[in-house]
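To start, the structure itself, in structure tokens.
Scope of the values below: all heavy atoms of this structure, side chains included, with no hydrogens, waters or symmetry mates. Numbers here simply count residues along the sequence, with the first being 1.
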Amino acid sequence: MNAVTPIEPSIDLGWDRAIRAAHQWRGEAVDILAQGEALVTEMLVKLHSVPGRGGGVKMRQLLGQRLSDLQEAIGPDGPFGVEGKGALTRLTRFREHEALRAALCHGVATVLIDRQRRWMLLIKLVALDASGPKRTNFTIEQQESDALIERLQSDVRNLAFALGQINAALKKTVAEKPPQQARKTAA
């Protein structure tokens, strides 16, 4: 008679599906950004290994630093400014996602669900800099999530293409150098 019986809703509100979908989206976005990071890192390694020009290319640990290092190396005054001219704008476009990447990778997420059972991802990030903590909130709604994934994919594809052009130019330069070296040696 005094037993407490929990009352649970008889309809499925879709909470579990919405939460899984939001976290799945987050994982997909992080994976796409990681592909871009790998491209940047591999290009820095490649540039650093070029004899005569690559020794000054920095290869620092943090992603923001590596992006700056690559930007410096392929910038107009960098040792690979000629080869990197076309890639600079695509690298700049990829860098526009730095804040989103930090939030996705380091932020604490809360999934909110509206009456239409659409999810909204609220990500809270606390970053430290010289002036102290910086608190930022990012909000991604389910309705805009697919378009954001498409933009990330497009920007990473464009970056891959541009860095591939640098790689091709470097191979061409290396292929042309040995005959010149041979002529100098023969003289």
Side-chain angles (χ1 to χ4, degrees), residues 8-9 11-48 57-75 78 84 87-164 166:
E8 296 185 23
I11 58 169
D12 176 19
L13 298 176
W15 295 79
D16 292 337
R17 279 191 305 273
I19 290 169
R20 275 194 307 276
H23 287 299
Q24 182 179 359
W25 178 88
R26 183 181 187 184
E28 184 178 2
V30 168
D31 187 63
I32 294 165
L33 291 165
Q35 291 172 34
E37 291 177 38
L39 291 168
V40 168
T41 302
E42 291 296 336
M43 182 53 59
L44 281 171
V45 170
K46 181 89 161 171
L47 295 177
H48 186 76
V57 174
K58 298 177 201 163
M59 296 192 305
R60 293 179 286 175
Q61 183 178 0
L62 300 177
L63 176 64
Q65 294 170 332
R66 281 182 277 147
L67 291 168
S68 294
D69 295 345
L70 183 57
Q71 194 166 1
E72 184 179 313
I74 66 174
L88 201 53
T89 56
R90 291 182 172 136
L91 178 62
T92 301
R93 176 73 185 232
F94 180 72
R95 289 197 78 166
E96 292 174 8
H97 304 298
E98 281 184 88
L100 174 64
R101 180 210 164 269
L104 292 173
C105 293
H106 305 291
V108 176
T110 301
V111 179
L112 309 169
I113 301 169
D114 68 12
R115 289 177 187 248
Q116 286 77 36
R117 299 182 185 155
R118 293 177 301 205
W119 57 263
M120 179 184 298
L121 196 58
L122 172 63
I123 302 174
K124 295 179 180 183
L125 178 68
V126 179
L128 300 175
D129 67 14
S131 64
K134 300 284 183 203
R135 299 179 195 293
T136 312
N137 291 332
F138 290 83
T139 306
I140 296 126
E141 295 182 22
Q142 182 177 354
Q143 303 89 294
E144 66 188 21
S145 63
D146 288 340
L148 185 52
I149 288 289
E150 288 172 15
R151 180 173 174 209
L152 292 173
Q153 289 172 329
S154 174
D155 290 348
V156 169
R157 267 194 312 271
N158 289 334
L159 180 63
F161 175 78
L163 297 180
I166 294 173

Using modelled atom types only, decide if a donor and an acceptor are shared between the side chain of W119 and the backbone of L112 within a distance under 3.5 Å.
no
Examine the side chains of Q61 and R66 and answer whether a donor and an acceptor come within less than 3.5 Å of each other.
no
Show your working on side chain to side chain contact (heavy atoms under 4.5 Å, CB included) between R135 and L125 and close with a plain yes or no.
CA-CA 6 Å; R135 299 179 195 293; L125 178 68; over 6 Å; no
Closest non-hydrogen atoms of A109 and L121, given as atom of the first, atom of the second and distance, are CB-CD1, 3.8 Å
For the pair E72 and K58, find out whether any cationic side-chain nitrogen is under 4.0 Å from an anionic carboxylate oxygen.
yes
Give the minimum heavy-atom separation between G36 and L159, together with the two atoms involved.
O-CD2, 4.1 Å
Would you give the length of the straight line joining atom CG of L91 to atom CG of L39, rounded to the nearest 0.5 angstrom?
10.5 Å
M120 and Q142: side chain to side chain contact (heavy atoms under 4.5 Å, CB included), yes or no, with the steps?
CA-CA 6 Å; M120 179 184 298; Q142 182 177 354; over 6 Å; no
CG of L70 to CG of L163: how many Å apart, nearest 0.5 Å?
6.0 Å
Look at R93 together with E96 and state whether they make a salt bridge at an N to O cut-off of under 4.0 Å.
yes
No-hydrogen, no-angle side-chain donor-acceptor test under 3.5 Å, S68 and R60
no
So, D31 and Q35: side-chain donor and acceptor under 3.5 Å apart, yes or no?
yes
Please assess K134 against V126 for the test side chain to side chain contact (heavy atoms under 4.5 Å, CB included), listing each intermediate value before the final yes or no.
CA-CA 6 Å; K134 300 284 183 203; V126 179; over 6 Å; no
Ignoring hydrogens, what is the shortest heavy-atom contact between A103 and F138? Give both atom names and the distance.
CB-CD1, 3.2 Å
Indicate the atoms forming the closest heavy-atom contact of R90 with N158, along with that distance.
CD-O, 3.1 Å
When you measure from the side chain of R26 to the backbone of L104, do you find a donor-acceptor pair of N or O atoms at a distance under 3.5 Å?
yes
Between S154 (side chain) and E150 (backbone), is there a donor-acceptor pair under 3.5 Å?
no
Could you tell me if the side chain of I123 sits less than 4.5 Å from the side chain of T139, heavy atoms only?
no
Note, L100 side chain near L148 side chain (heavy atom, < 4.5 Å):
yes
Taking CD in Q116 as the centre, count heavy atoms belonging to other residues, nucleotides or ligands within less than 6.0 Å. Is the count above 12?
yes
How close do A29 and L152 get, heavy atom to heavy atom, and via which atoms?
CB-CD1, 3.9 Å
Salt-bridge present (R151, E144; N to O < 4.0 Å)
no
Heavy-atom closest pair, residues L47 and I166
CD2-CG2, 4.2 Å
Do Q71 and L88 pass the side chain to side chain contact (heavy atoms under 4.5 Å, CB included) test, and can you show the C-alpha distance, the side-chain angles, and the key distance before you say yes or no?
CA-CA 7 Å; Q71 194 166 1; L88 201 53; 3.8 Å; yes
Any chance you could measure I32, atom CD1, to I149, atom CD1, to the nearest 0.5 Å?
4.0 Å
Can you list the steps and then say if E98 with R101 is a salt bridge (charged side-chain N to carboxylate O under 4.0 Å, His left out)?
CA-CA 5 Å; E98 281 184 88; R101 180 210 164 269; over 6 Å; no
About how many Å separate CZ of R95 and CG of D155, when rounded to the nearest 0.5 Å?
14.0 Å
